[in-house]
Amino acid sequence: SDVCSSDLKVLHVVGHGIQRQACLRRSPRPVALGLIGLGPWGRNYLRTLQDTPGVRLRAVASRSASAEGLPPGIRLHRDWRDLITDDAVHGVVVATPPHTHADIAIAALTAGRPVLIEKPLAADVGSARAIRAAADAAGLPVHVDHVDLVNPAWRALRRHLVAIGSIRKLRASWHAQGPIRPDTTGRWDWGAHPLAACLDVTETPPHLIACRRLPAVQGELIEATVR
């Protein structure tokens, strides 16, 4: 279904100009982070943060994880509210189900913690706007982890766009064979990828953004169109 382009821009990324690596290069000390959520994507963050220069994972919040399974030196909180007020944590990574994103992100921003949040930013436009309002009020960045935007192939394409000329219409499809997430639809999960890519290359606000789910033999096929 077609929705307002400004709404989807909010869902795309709140802190669009914030680059995590650039921030890390400017920081003279390691950035101390807390991770909320240890599901499949939370585990990916756990591994990645341990191998990222300039970052130190200080705490994890999970109701189901065991402290014995965590690397040494990482605190385990059962309640995410305790993590965002942990003095050892300077920023928060949110890798929880989408319907929880808004409450956690807004609380973290209110506590003075910048946020890196797994896509989709929120489960609805109202929640996304509430996160943006909290970020504006706190004067802090929120970055949505649209991983395809830092893909070397995508960055190479962006460098060559000047030779293509003005963009009038974009169409993109992303396909995955699973796992199918039980906590959100394919349109909100995988649909975020083509929308983020399309919005990343548009120099002016689009007049129309459409996203639809197409039949697929296995998994889901999401198509996004930007004009």
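Given the structure is predicted, the values throughout are model-derived calculations rather than measurements. What you see below is based on every heavy atom in this structure, not just the backbone, and it leaves out hydrogens, waters and symmetry mates.
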Could you please spell out the steps behind the side chain to side chain contact (heavy atoms under 4.5 Å, CB included) verdict for Glu118 and Asp145?
CA-CA 5 Å; Glu118 179 56 32; Asp145 193 27; 3.8 Å; yes
Any side-chain heavy-atom pair of Leu121 and His101 under 4.5 Å
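A side-chain contact is absent here, since even the closest heavy-atom pair is not under 4.5 Å.
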Nearest non-hydrogen partners of [X] and [Y], listed with the distance:
{"X": "Gly37", "Y": "Thr96", "result": "CA-CG2, 4.0 Å"}
{"X": "Ala108", "Y": "Ile84", "result": "N-CD1, 3.8 Å"}
{"X": "Leu33", "Y": "Val55", "result": "CD1-CG1, 3.7 Å"}
{"X": "Leu109", "Y": "Pro141", "result": "CD2-O, 4.3 Å"}
{"X": "Arg113", "Y": "Gly91", "result": "CB-CA, 4.4 Å"}
{"X": "Val89", "Y": "Gly34", "result": "CG1-N, 3.5 Å"}

For the [atom1] atom of [X] and the [atom2] atom of [Y], what is their distance to the nearest 0.5 Å?
{"X": "Asn151", "Y": "His146", "atom1": "CG", "atom2": "NE2", "value": "14.5 Å"}
{"X": "Leu149", "Y": "Arg155", "atom1": "CG", "atom2": "CZ", "value": "9.0 Å"}
{"X": "Arg78", "Y": "Ser62", "atom1": "CZ", "atom2": "OG", "value": "6.5 Å"}

Using the side chain to side chain contact (heavy atoms under 4.5 Å, CB included) definition, which of the options Leu46, Ile36, Leu35 pairs with Val93?
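Going through the options one by one, the only one that passes is Leu35.
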Between Trp154 and Asp200, is any side-chain donor less than 3.5 angstrom from a side-chain acceptor?
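Yes, Asp200 and Trp154 have a side-chain donor paired with an acceptor closer than 3.5 Å.
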Could you walk me through whether Ile131 and Ile106 satisfy the side chain to side chain contact (heavy atoms under 4.5 Å, CB included) test, starting with their C-alpha distance in whole Å, then the side-chain angles of each, then the deciding distance to 0.1 Å, before giving a yes or no?
CA-CA 6 Å; Ile131 294 173; Ile106 291 170; 4.3 Å; yes
Write out all pairs satisfying salt bridge (Lys or Arg N to Asp or Glu O under 4.0 Å) with one or both partners inside residues 79-95, taking only residues at least two apart or from two chains.
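Qualifying pairs, neighbours excluded: Arg75-Asp86, Asp79-Arg81.
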One pair to check against side chain to side chain contact (heavy atoms under 4.5 Å, CB included): His143 and Ile117. What are the steps and the verdict?
CA-CA 6 Å; His143 186 90; Ile117 193 166; over 6 Å; no
